[in-house]
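Written below as C-alpha cells is the structure these notes are about.
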Number of protein chains: 4
Amino acid sequence: MTNAGTSRRRSIGAQRNPESQQAILKAAEAILMEDGLAGFSIEAVARRAHAGKPTIYRWWPSRAALLLDVYHHQKHVERVPDTGSLETDIIAFLTALFGYWRDGNAGAIFRSVIAEAQTDVKATDALRAYVLDRFSQSAEFVRRAQARGEAADWVSPELAIELLAGFAWNRLLTSRLDDNPEELQRLARQISLGLKG
Amino acid sequence: MTNAGTSRRRSIGAQRNPESQQAILKAAEAILMEDGLAGFSIEAVARRAHAGKPTIYRWWPSRAALLLDVYHHQKHVERVPDTGSLETDIIAFLTALFGYWRDGNAGAIFRSVIAEAQTDVKATDALRAYVLDRFSQSAEFVRRAQARGEAADWVSPELAIELLAGFAWNRLLTSRLDDNPEELQRLARQISLGLKG
Amino acid sequence: MTNAGTSRRRSIGAQRNPESQQAILKAAEAILMEDGLAGFSIEAVARRAHAGKPTIYRWWPSRAALLLDVYHHQKHVERVPDTGSLETDIIAFLTALFGYWRDGNAGAIFRSVIAEAQTDVKATDALRAYVLDRFSQSAEFVRRAQARGEAADWVSPELAIELLAGFAWNRLLTSRLDDNPEELQRLARQISLGLKG
Amino acid sequence: MTNAGTSRRRSIGAQRNPESQQAILKAAEAILMEDGLAGFSIEAVARRAHAGKPTIYRWWPSRAALLLDVYHHQKHVERVPDTGSLETDIIAFLTALFGYWRDGNAGAIFRSVIAEAQTDVKATDALRAYVLDRFSQSAEFVRRAQARGEAADWVSPELAIELLAGFAWNRLLTSRLDDNPEELQRLARQISLGLKG
DNA sequence: CCCTAACCGAGACGGTACGTCGGGTCTTACA
DNA sequence: TGTAAGACCCGACGTACCGTCTCGGTTAGGG
C-alpha cells in the first residue's frame, strides 16, 4: 500500500490487482455496516472503492457472490469450545456466537447473506454448503462429550449443533441477540438433560 | 367478484374496494409462487392485479407490509399437536410445519418475509412480534406435557419451541426441507431425553 | 414556468408534461452548443434537464430523434428569397443559409444531425425526408424565375436547389462557412449563365 | 504474410510491424463494411485484428485517424475525365464518383469519415485539406475546357467542381446514390449552359 | 555477444454512457 | 374520496467501450 489514497489505482498488467480486490471488499463491508443490505449495491460499492463497476463484475458474478466473499473475509470466531463439560460447552458456544454476531459487523453481514440466499439460488447453495461445513466442525465438542461418556452414543452431534445454531439464527434474524446468561443456562440444561429432565 | 376480468375495477366511492384488495393479494401471492422474491415488485403486482401503484401504496406502506399480509392470508397449519406423548407431539409439530412449508406456497412466502425483515426494520419488528406470538401458542403442547408430569417443571415451554422452530427455520432458509422421519424421530428423542440420554 | 428552478418538476398525471419536454430540448440544445456532438449523450441531457433518462426515452426513441427534434425547434431562416432577379435570388439564398448556420447554433446542430444520419438509419430516413421537403420549398424562387421567363423551361428547379444546397453542405461540413461575397457572386453567375457563359 | 492465421503475430523488434498494421487496417475496413460506423470501435478492430489496443493507439492517435487511413488505403477512382466535351466530362465525373461510392466500400467509409469530421476537429482539418486537394485536381477537366475555349474565362474551375462535389456529397449523405442517367444529363446541361439556358 | 529499447498481444484498470427496470410520488379522469 | 392509469425524478442494473497501464515475451541493433 505504497500510495494508498494519494494516487489512482492502476492496472498492473493482464492480471487481477489485489489492491482493487481489497478496496472493493473493504468498501462492501463498510457499506454493509453503515447502511445494511438496503444500501448495498454494486454501484455504491464501486463508488466507495473508487473502482469501476466492470472491475467488480469481472471478479464477482453477482451481488450474492460479493456478499459471501465479504462474509468469508471476516475474522471467524472459535466455535469449538472445550470447557470439559457439555453444559458449559453449550453455553460457551452460544455466548461466543452471539458475541461474534453482536459486537462486530459479522452479524449484519451474515443476516445479509441469509437474506440474499432467499433470492439467489447460487447464494442458497453456497450458504447451505457453508453451514453444513460449519456444523460438522462445531459438532466436535459434542463428539468429545460422547468420547468422555458425557453424551449418549445414539445422539447425532450434527443434529445437536443444528439445534443450537437454529436457535441462534432465529435470534439473529429477529434482532434478539441481547445476551441473557440465565436463559442460555436454562437452554443448555434443557438440551443436555432433555425436557424430561 | 361480479365482473372480475371482464371489465375494469373502479372506485366504489369513498371507501376501500375489497375487490381490489383481493386482486392485489392474489397477484402478489401468484408472483411470489412463480418467480419468488426476486420477481416480487410493487410494479409487478400492480401490473398483474390491474391496479394502480398508488392504490397499493395507500393500503400497504411498504413491500414488507404487503409481504406479511400475503403470508397472513395463507391457510395456517395447526401447530398445537396433541398426541398424548411429548415425543410424538414434537414429531407431529415438526412434520406438520415442514409439510406446510414444503407443500404449498407458504414456505416460499415465509422465506421472503424473513429475507425482507433483514432489510426493513418495520418488517423485522412485525416478524418478531409474529414469531413470539406463534411461539407462545405452540408452547401449549409443552405446557400440557408439564401438566401431565411428562416434562420437568423447570423447562421453559417457549424456549423449547424456539429450539424446534429455530431448527425448522434453518432447514427452510437453506432449502433442506426434505422430510426425513428417522431424523425427526432422533431429534425428538434428543430433545425429550436430552443429550445425556 | 411558475416555479422553474425552485422546485422539482413533477408528474401532471397520466400525460406528457410540456415543462419537461421543453427543459429537455433546451438542455439538449445547450449541450450541443457548448460541447458539440461529442458531449451529447442522453445521460448528459437528463442530468442538465434534471430529468430522468426514462422520461427522455419515453418520448424520443433514440439520440437521433432527439437531435432532429432539437433542430426542428430552431428558428428557421427564410429560404425563398424574392429579389426579382434570379442571380440575386441565388446570392440571397446562399447568404441567408450561410448566415443562419454561422451565426446561431443551427449550424452546429445541423452538422450533428447529418453526422448522426451516417450512423442511424432512421436518422438517415428522417434527414432525407426533411431535405427533400426543404428543397421543394426552396425551389419556389427558381420556379418564379421560370414564370418570369428568366430561367429556361427545361431546367429542374429542385435540381438547381440541390446544387446550391450541396455546395452549402460541403462548406458546412468542412468548416468553411466564412462569407465571401465575391465568391458567392461568381457562383451565382456561373449557375445562372452556365459555365459556357 | 508467411504465417497469417496460423501463428500469433509477435514483435519484430523495436520497429513497427507491417503485418500488424495491415491486419488492423483490414479489420477496420471489414468492420466498416459489415456494421458501418456504428460498429466501428477501437475495441472491435483490435479484437478482429488480434491486436492489442495499445498497438492501435500507438500508431493512430484517434478513431478519426484510423478512419482516414482506412479511406486513404482504398483504391481511388479516376476523377479527371477527358471525353473532349465539357458536358460529357461532367456526366463522366459524376457517374464515376457515384459508382465508386456505390459499388465498393468507399461510400460507407467516406460517409464515416465525414461523420467523424463533425465530432473531431483534427478530422475536420484533415478532411478539409483532403477535399481541397481533390477539388483542385478534379478541376483540371474544367481548365481543359477553358483552354479549348469551351468554358468562359471568368468561371472558377474549383468552384465548378465544388458544385458538382457538393451535389454528390448530398446524395451520399442522404443515401440517394441510385444512378439516374437522365437526371445527371439534365444536371450537366444545367451546369454547362446555365439556368438561363 | 550481451543489453537495452521498443515493439507485440493480452487484458485489467477507473470511468462514462448505454437502454431498462423499479421505487415512491403526483395528477388526471372517472365513478 | 377511492380507483386505474400513467408520467415524473431518481438510482441501480449489467454491458460495451474508452484510453491508459503493466505484464511477459520477442527481436533488432548498438556497445
Side-chain angles (χ1 to χ4, degrees), chain A residues 8-17 19-21 23 39-44 46-47 49-59 61-63, chain B residues 8-17 19-20 39-44 46-47 49-59 61-63, chain C residues 8-17 19-20 39-47 49-59 61-63, chain D residues 8-17 19-20 39-47 49-59 61-63:
Chain A
R8 231 177 108 177
R9 266 191 322 272
R10 296 209 169 278
S11 168
I12 57 168
Q15 58 186 297
R16 185 171 193 169
N17 186 339
E19 279 190 30
S20 291
Q21 187 187 359
F40 185 83
S41 67
I42 299 290
E43 194 105 15
R47 219 161 23 227
H50 295 294
K53 279 199 289 177
T55 301
I56 300 182
Y57 282 108
R58 192 167 5 251
W59 302 113
S62 68
R63 211 173 84 122
Chain B
R8 286 172 51 180
R9 259 185 336 268
R10 293 237 167 253
S11 168
I12 56 171
Q15 55 183 304
R16 185 172 192 169
N17 185 338
E19 277 189 31
S20 290
F40 185 83
S41 67
I42 299 289
E43 191 102 16
R47 218 162 25 228
H50 296 293
K53 280 200 287 178
T55 302
I56 299 182
Y57 282 108
R58 198 181 339 269
W59 302 111
S62 69
R63 211 173 86 122
Chain C
R8 223 175 115 179
R9 256 188 335 267
R10 296 210 168 275
S11 168
I12 56 168
Q15 57 185 297
R16 185 172 195 169
N17 185 338
E19 277 188 34
S20 291
F40 185 83
S41 67
I42 300 289
E43 193 104 16
V45 172
R47 223 166 15 233
H50 296 293
K53 279 199 289 177
T55 302
I56 299 183
Y57 282 108
R58 200 179 344 265
W59 303 112
S62 69
R63 210 173 88 121
Chain D
R8 287 170 51 183
R9 257 188 334 268
R10 294 226 168 263
S11 169
I12 56 169
Q15 56 183 303
R16 184 173 194 169
N17 184 338
E19 277 189 32
S20 290
F40 185 83
S41 68
I42 299 290
E43 193 102 17
V45 172
R47 222 165 18 233
H50 295 293
K53 281 201 286 176
T55 303
I56 299 182
Y57 281 109
R58 189 170 303 122
W59 302 111
S62 69
R63 208 172 90 122

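Below, chain A is the first sequence line, B the second, and so on; all start at residue 1.
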Test side-chain contact (heavy atoms from CB on, under 4.5 Å) applied to [X] - qualifying residues, sequence neighbours left out:
X: C:Pro54; value: none
X: C:Arg16; value: C:Gln21, C:Trp59, C:Trp60
X: D:Glu43; value: D:Ser41, D:Arg47, D:Lys53

Distance test, side-chain N/O of [X] to OP1/OP2 of [N], below 4.0 Å:
X: A:Arg16; N: E:dA12; answer: no
X: A:Trp59; N: E:dC13; answer: yes
X: B:Thr55; N: F:dA4; answer: yes
X: A:Arg58; N: E:dG11; answer: no

Side-chain donor or acceptor of A:Asn17 paired with backbone N/O of A:Arg9 under 3.5 Å: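 No: the side chain of A:Asn17 does not pair with the backbone of A:Arg9.
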Please report the closest heavy-atom contact between [X] and [Y], naming both atoms and the distance.
X: D:Ala44; Y: D:Gly39; result: CB-O, 3.8 Å
X: A:Ala49; Y: A:Ala23; result: CB-O, 3.7 Å
X: B:Gly52; Y: B:Ala46; result: C-CB, 4.4 Å
X: D:Ile56; Y: D:Ile42; result: CD1-O, 3.9 Å

Output a table of nitrogen or oxygen pairs between the protein and nucleotides 23-28 of chain F separated by less than 3.5 Å.
from   : atom 1 : to      : atom 2 : distance (Å)
F:dT26 : O2     : D:Ser11 : OG     : 3.4

Contact state string [nucleotides 12-18 of chain F, B base, S sugar-phosphate only, - no protein heavy atom under 4.0 Å]: SBBBBSB
Value rounded to 0.5 Å, distance of OG1 in C:Thr55 from NE2 in C:His50: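 Rounded to the nearest 0.5 Å, the OG1-NE2 separation comes to 13.5 Å.
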Pairwise distance CD1(C:Ile12) to OG(C:Ser20) - rounded to 0.5 angstrom: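 Nearest 0.5 Å value for the CD1-OG distance: 8.0 Å.
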Position toward the 5' end of DNA chain E (nearest nucleotide), A:Gln21 or D:Gly52: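 Checking each residue's closest nucleotide, the 5'-ward one belongs to D:Gly52.
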Whole angstrom value for the distance that separates P of E:dC7 from CD1 of D:Ile56: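 One finds 15 Å between P of E:dC7 and CD1 of D:Ile56, rounded.
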Net bend of the helix from E:dC1-F:dG31 to E:dA31-F:dT1, end axes of five pairs each, nearest 10 degrees: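 So the angle between the two local helix axes works out to 20°.
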